[in-house]
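Worksheet: the structure to be examined is printed underneath.
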Amino acid sequence: MTETRFDPSSADGRWQSAWTQAGTFTADSNSDKPKSYILEMFPYPSGRIHMGHVRNYTMGDVLARYKKMRGCEVLHPMGWDAFGMPAENAAMEKKVHPGAWTRSNIEAMKAQLQRIGFALDWTREFATCDPEYYGHEQALFLDMYEVGLVYRRSSEVNWDPVDMTVLANEQVIDGKGWRSGAEVEKRKLDQWFLKITDFAEELLDGLGGLEDWPDKVRLMQENWIGKSQGLEFSFDLSSGEKLPVYTTRPDTIFGSSFVAVAADHPVAQALAADNTEVRDFIAECKRGGTTAAALETAEKLGYRTPITARHPFTGEAMPLFIANFVLMDYGTGAVMGVPGHDQRDFEFATKYGLPIVRVVASDPALADAPMGDEAEPGDGVIVNSDFLDGKSVGEAKADVIARAEQGDWGNGTTVWRLRDWGISRQRYWGTPIPFIHCKACEIVPVPKDQLPVTLPDDVDFEIPGNPLERHPTWKHTTCPKCGGAAERETDTLDTFTNSSWYFLRFASQPSDAPFDPAEIAKWMPVQHYIGGVEHAILHLLYARFWTRALSHISKFDVKEPFAALFTQGMVTHETYSLGDGSWLSPDEVRKDGADWVTVKDGTPVTSGRVVKMSKSKKNVVDPDNIIAQYGADAVRWFMLSDSPPERDLPWSESGIEGCYRFVQRLWRLFGQYDANAAGEDKALARKAHQAIVAVAEDIEALGFNKAVARIYELTGAAEKAVSSESRNFAIRAVLHLIAPMMPHLAEEAHERIGESALIADAPWPEHDPTMLVEDEVTIAIQHKGKLRDTITVPKGAAKEDLEAFALASEKVQRSLDGAEIRKVIVVPDRLVNIVT
RNA sequence: GCGGGUGUGGCGGAAUGGUAGACGCCGGGGACUUAAAAUCCCCUGAUCCUAUAGAUCGUGUGGGUUCGAGUCCCACCACCCGCACCA
């Protein structure tokens, strides 16, 4: 062969077809090899693959191909998280059907992924908008309903009166709908919920076993679940009612000087009924902004009611306030105010002139020490608290809870920050919720043999609101129970539901059931799950919940879906802007000397911060163009080089060019493989054996950037060496080490050196343990901790010899300059440090 | 405010408490060429210098432990991320 250049434009496609034809990456669940399930978070079919996807899937791909080389049966599937709002927005803006829009996006993106040469098992591909998939999802939802994990209640939602739809919190910006700009209303609607709170304790405890998850994600989930333990008890009110409150600090109960309820609390609402002042105050509380800045500076506001609350121990009558800082949906919506030891209560008491009593002190002698200008929430010893005096905070908590329980006026309780998961969406493009509303029988599940409840195709998006709601016929049906006229539920499931079990469907796809437990037992849990950190809470928590819930109802025996999680960094790019603040894309600018100017007319351009690629900043680079220009392998290599995978990767033109140069460099090196070569080059052979081990370790630790660096080193050494058997070994080693990373080049070169089989099916190269050890080492010689000289000695040289060699060094002698040697530290095979 | 992370050359980054800056990019010099591209070779932390040598400084800042600290401990600074009136 004489080609001097590797041509990706012909090689890439050829090998991609070869893998497809051979079924190289089709997972065989009957194989007796050890199983390895590698999964990247499946994409939303937005229309184009972006660099973030490329990075994500390249990492997973290297792992999948590596595992295969290591003798595993690998499951590495791909599918589409295909329901969601962008499809409906497209329908409204471009007058296309959400389904058609989604399908054509999937087709385009699949072609893009295939051009990158990912080792995916496309036989298992599905989209969550396939009726087969969402039909099984409806069945699982009904299973959960049967065991009481699904319920319906009235709940407050963000309602956009113009678009006539419910908005998620993220879609409300400064109190206005993100699309319509209309003032968002709070509305009470009947909503479906999943009882994730039943699993709060389990989901929290389960985090402890997820050792191969990033600590950061575990912590985020822990905080989100938000377990807190304390006392729930009731105050007797002067109005004759009882007011339940929750506190995590029952130990400070003697420091309580007021009681406060939320503006939406029933007690406040009752007062508002015949008092305009109260009504006005409540309205003011609700008006307060919800932005971070608004909360930061929000003043504590209260309305003093004529009601008093009786202290359970002292019997003292404490004033009852309606306060803007008390939340209705946490605890009981009412709190006991302890100004001395809670900052919010402190601010409130200061403003309304309420007593601030110290009940915790660092030392009992400081019981009467005045309070400073802020609350003291810390630990200490209890003071000014009758029978609690002298106890620690912990003891006092236990004591108060015990007395409350004995006296039957309170209970130790656990309160969670985690709420039940509201899954109703007044949207078209989602899984229909499989229930029927009947006047006589109320809520009736759709019988399973009538699933899937499919979406109607003939819908229009001309009018705002839910197309299912106003469809002429779709919702009208008969009651499965009584046979009378009834209506279908027109809400659809939150799209996060679709991604909560897709990994189970990848593992097995029977048509008559959501999954096959025997297959799940073979493949689950996912060995490596890779995706963006933005899913740290919602998706990953929901997926954990579904897995546990399904496991709980004996569908299978897997508790945690993802054994190891890896959250990769973003792909970033420099930004370019004109003087007027408008952004320019990378291909609209060029470098003119040290400055940036527009390609069009040379107008000066300001280059700005390196940030995540985004359409709004126009700093995006389209993978397709890059692949067309440099080939898939150069892009894949770039994605793995330089930046550690968990950190951001700055895209650069020169970087991708460097990768392309390396592809060609390797091609030339592989071309120098000489089947007739003879002779040994022990140093090079040693480097090759070391690299085989080191690259494997790096890949297993997902340290791709380090693996890349080692491959560069071995390549450089092999290039410099003269032809020999050892050099052939090194060249073959490089070829196999890059195979998971640059598979097209690897296949092409593998064929060129005369191999007929696919390198994708080849095993990882063997190494000789005896070749890992160097026989000479370079020793550092220090004087007073500073490097003075280095010497090369046989490995394992005796301490005394090392010391003698060190002292013999001319440089060392010069540095010593006759000083008296107090001590000599010798670390074998490492260094000698002379202390004077 | 609470929680977490990061900080090393011009840039991305390497470095079981043991030679800081591997590897890549950028930059400089040279070879090849009519020329260019491609390729190859050399140099590339800073300062000093009597310059093939040598010295000093150097991993955000200030302390500490140690024969020896990018790495361990204490305090601080900056930036990034998450949560946020959670009782």
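Numbers restart at 1 for each chain; the letters A, B, ... are given by sequence-line order, proteins then strands.
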Would you mind telling me which of [options] lies closest to the side-chain atoms of [X]?
| X | options | result |
| --- | --- | --- |
| A:Val827 | B:C86, B:G18, B:C85 | B:G18 |
| A:Leu787 | B:G3, B:U19, B:G12 | B:U19 |
| A:Arg788 | B:U56, B:G4, B:C86 | B:U56 |
| A:Arg419 | B:G24, B:C86, B:C40 | B:C86 |
| A:Ser654 | B:C26, B:C67, B:A20 | B:C26 |
| A:Gln782 | B:G13, B:C86, B:G18 | B:G18 |

Between [N] and [M], how many Å separate the two [atom1] atoms, rounded to a whole number?
| N | M | atom1 | answer |
| --- | --- | --- | --- |
| B:U59 | B:U8 | P | 11 Å |
| B:G30 | B:A36 | P | 12 Å |
| B:G17 | B:C73 | P | 12 Å |
| B:C41 | B:C26 | P | 16 Å |
| B:G58 | B:U52 | C1' | 25 Å |
| B:C83 | B:C74 | P | 29 Å |

Tell me what [X] touches on the nucleic acid: a base, only sugar-phosphate, or nothing, going by heavy atoms under 4.0 Å.
| X | answer |
| --- | --- |
| A:Val326 | base |
| A:Asp342 | nothing |
| A:Arg218 | nothing |
| A:Ser652 | nothing |
| A:Val835 | sugar-phosphate |
| A:Tyr246 | base |
| A:Leu327 | base |
| A:Lys784 | nothing |
| A:Arg647 | sugar-phosphate |
| A:Asp215 | nothing |
| A:Arg814 | sugar-phosphate |

Counting only heavy atoms not in A:Tyr330, do more than 12 sit closer than 6.0 Å to its OH atom? yes
Tell me if the aromatic rings of A:Tyr352 and A:Phe258 count as close, with their centers under 6.0 Å from one another. no
If each of A:Glu657 and A:Glu646 is mapped to the nucleotide of RNA chain B with the nearest heavy atom, which maps nearer the 5' terminus, i.e. the 5' end? A:Glu646
[N] phosphate, OP1 or OP2, under 4.0 Å from [X] side-chain N/O:
| X | N | answer |
| --- | --- | --- |
| A:Arg417 | B:C83 | no |
| A:Arg661 | B:C26 | yes |
| A:Lys706 | B:A22 | no |
| A:Tyr712 | B:G24 | no |
| A:Lys786 | B:C57 | yes |

Can you tell me the distance, in whole Å, between the CZ atom of A:Arg344 and the C1' atom of B:C2? 12 Å
To the nearest Å, give me how far apart CZ (A:Phe638) and P (B:C26) are.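 Nearest whole value for this atom pair: 11 Å.
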Chi-based syn or anti call at B:G60, which uses purine or pyrimidine torsion atoms and a 90° bound: anti
With under 30° as parallel and over 60° as perpendicular, where do the rings of A:Trp409 and A:Phe313 fit, or are they tilted in between? perpendicular
Classify the ring geometry of A:Trp421 against A:Tyr542: parallel below 30°, tilted from 30° to 60°, perpendicular beyond 60°.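 Parallel.
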So, does the side chain of A:Arg830 form a donor-acceptor pair with the base of B:U16 at under 3.5 Å?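 Checked by distance alone, the answer is yes.
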Distance-only donor-acceptor test (3.5 Å): side chain A:Lys300, base B:C85: yes
Which dot-bracket notation, 5' to 3', represents the base pairing of RNA chain B when pairs are defined as Watson-Crick or G-U with both distances under 3.5 Å, crossing pairs as [ ], and inter-strand pairs as |? (((((((..(((.....[....))).(((((.......))))).((((.....))))..(((((..]....))))))))))))....
Answer yes or no for A:Arg5 and A:Trp667: cation-pi contact, defined as NZ/CZ to six-membered ring centre under 6.0 Å and angle to ring axis within 45°.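 No, A:Arg5 does not lie over the aromatic ring of A:Trp667.
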